[in-house]
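Read through the structure below, which is laid out as structure tokens, and then see the notes.
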Amino acid sequence: MPYVDRQNRICGFLDIEEHENSGKFLRRYFILDTSQNSLLWYMDNPQNLPAGSPSVGLLKLTYISKVSDATKLRPKAEFCFVINAGMRKYFLQANDQQDLVEWVNVLNKATKITVPKPSDHPCPADSVHHQLEYSGSRKQISYKTEIVGGVPIITPTQQDISESANTGDRGNLKRTQSHLSSPFRPSESGVIKAGYCVKQGAVMKTWKRRFFILDENTIGYFKSDMDRDPLRMIQLREVQKVQECKQSDIMMRDNLFEIVTTSRTFYVQADSPEEMHSWIRAISGAIVAQRGPARSAASMRQVRRLSNPCIPRYMGSSACPQY
């Protein structure tokens, strides 16, 4: 899902047909930056790329005339929408139907031109491209710009709401967060959740994109979704807690959560806030399912305090006796 980053930009992963009519969609990280009047896309989240890495694509918002559902134009491409920009059409694939609707709405809103009613006082010419808000019973009138024969034509947009409603009719379609190319599915081999995240290394502290798989007993991460041998397996019985990272501001990372084990804390960055919370819920649920509600971490500490009177004296001390 698109989310707002620390610089107030709308970001998220999409698949784009970079070469028109090629039929080949590539995974890219998109940033809608209204302050620069641009839609940019990168090979990955710029936080995971070397400093100063350039975008692989850029589209000025002023060139965009309309963004709409393209499922009928590209029936073989799931959750497809199209950006009309002059003589070029950019086809993109969202992750699911809700993701498609949200991207279409935010892009149309970013490129929308609004003007006051004819009865209202005219505003300066340099403010035509900004959205105007009116109080009381006065309403907004939105306009769209289309390029016809090289000439910009401004017309009222009366179908925005109906188009958004029509896109919701296909809400029963699904695509996994691990993307279509992944050989893993949550319904196979006891896999609960699978997908790409970015993980911090233990020694060099570098951030690398890894494919994670959560099953009933372990969390494993792989170099890619095509690999069968994991780089590491984390036993759920060793996980003490999983939560949103409190050091995300220090690390300057969005959507960061931590998996705390008995030997190490793993810092993992998801692609969106929704994915971060989804991973936290999935891992927490797997831990509870494995241990049982009465054996969760908090419950175990309470049981031990009640059953062993020596624990309060030694709590927080490395000298606590083993039992």
Kindly check if the number of other-residue, nucleotide or ligand heavy atoms within 6.0 Å of CD (Glu216) is above 12?
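No, the 6.0 Å shell around CD holds no more than 12 heavy atoms from other groups.
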Hey, what do you get for [atom1] ([X]) to [atom2] ([Y]), rounding to the nearest 0.5 Å?
| X | Y | atom1 | atom2 | result |
| --- | --- | --- | --- | --- |
| Lys60 | Gln36 | NZ | CD | 7.0 Å |
| Cys245 | Met276 | SG | CE | 10.0 Å |
| Lys241 | Ile287 | NZ | CD1 | 12.0 Å |
| Gln235 | Thr262 | CD | OG1 | 10.5 Å |
| Gln93 | Leu14 | CD | CG | 9.5 Å |
| Leu32 | Cys11 | CG | SG | 8.5 Å |

What is the minimum heavy-atom distance between [X] and [Y], and which atoms define it?
| X | Y | result |
| --- | --- | --- |
| Asp69 | Thr71 | OD1-OG1, 2.6 Å |
| Ile280 | Glu244 | CD1-N, 3.5 Å |
| Cys197 | Ala270 | SG-CA, 4.3 Å |
| Arg291 | Leu236 | NH2-O, 2.9 Å |
| Arg88 | Tyr90 | CG-CE1, 3.4 Å |
| Val242 | Ser284 | CG1-OG, 3.1 Å |

Same cluster (ILVMFWY, side-chain, under 4.5 Å), [X] and [Y]:
| X | Y | result |
| --- | --- | --- |
| Leu107 | Phe25 | no |
| Met233 | Ile259 | no |
| Val106 | Ile64 | yes |

Look at the side chain of [X] and the backbone N and O of [Y], then say whether any donor-acceptor pair between them is shorter than 3.5 Å.
| X | Y | value |
| --- | --- | --- |
| Ser22 | His19 | yes |
| Arg74 | Phe81 | no |
| Asp5 | Arg9 | yes |
| Gln240 | Val260 | no |
| Ser272 | Glu275 | yes |

Contacts of type side chain to side chain contact (heavy atoms under 4.5 Å, CB included), residue [X], not counting sequence neighbours:
| X | result |
| --- | --- |
| Glu18 | Ile16, Leu26, Arg28, Trp41, Val56 |
| Ser263 | Arg232, Thr261 |
| Ala70 | Leu73, Cys80, Val82, Phe91 |
| Glu102 | Met1, Pro2, Gln98 |

Is the NZ or CZ atom of Arg210 both under 6.0 Å from the centre of the six-membered ring of Phe212 and within 45° of that ring's axis?
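That pair does not qualify as a cation-pi contact.
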Heavy-atom check, side chain of [X] versus side chain of [Y], under 4.5 Å:
| X | Y | answer |
| --- | --- | --- |
| Ile283 | Ile219 | yes |
| Tyr221 | Phe266 | yes |
| Val67 | Asn84 | no |
| Phe211 | Met226 | no |
| Phe30 | Leu40 | no |
| Val4 | Asn8 | yes |
| Arg6 | Asp254 | yes |
| Val198 | Val268 | no |

Listed pairs under 3.5 Å, donor-acceptor, residues 44-51 side chains, sequence neighbours left out:
from	atom 1	to	atom 2	distance (Å)
Asn45	OD1	Gln47	N	3.0
Gln47	OE1	Gln269	NE2	2.7
Gln47	NE2	Met252	O	3.4
Asn48	OD1	Arg253	NH1	2.4

Give a yes or no on whether a salt bridge exists between [X] and [Y], defined as a side-chain N under 4.0 angstrom from a carboxylate O.
| X | Y | value |
| --- | --- | --- |
| Lys24 | Glu17 | no |
| Arg209 | Asp271 | yes |
| Asp227 | Lys223 | no |

Going by the rule side chain to side chain donor-acceptor pair (under 3.5 Å), which residues pair with Thr206 if we only count those two or more places apart in sequence or in a different chain?
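Not a single residue meets the side chain to side chain donor-acceptor pair (under 3.5 Å) criterion with Thr206.
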Would you call the rings of Phe257 and Trp279 parallel, tilted or perpendicular if under 30° counts as parallel and over 60° as perpendicular?
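Phe257 and Trp279: parallel rings.
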Tyr3 vs Asn255, side-chain contact (heavy atoms from CB on, under 4.5 Å): CA-CA, chis, key distance, verdict
CA-CA 10 Å; Tyr3 71 95; Asn255 318 316; 3.3 Å; yes
Apply side-chain contact (heavy atoms from CB on, under 4.5 Å) to the pair Val104 and Leu100, showing each step before the final yes or no.
CA-CA 6 Å; Val104 169; Leu100 183 153; 4.1 Å; yes
Output field: ring centroids Tyr42/Tyr29 closer than 6.0 Å
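No, the ring of Tyr42 stays outside the 6.0 Å limit from the ring of Tyr29, centre to centre.
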Evaluate side-chain hydrogen bond (donor to acceptor under 3.5 Å, both in side chains) for Glu258 paired with Gln243, printing each intermediate quantity in order.
CA-CA 6 Å; Glu258 56 187 14; Gln243 63 184 10; 2.7 Å; yes
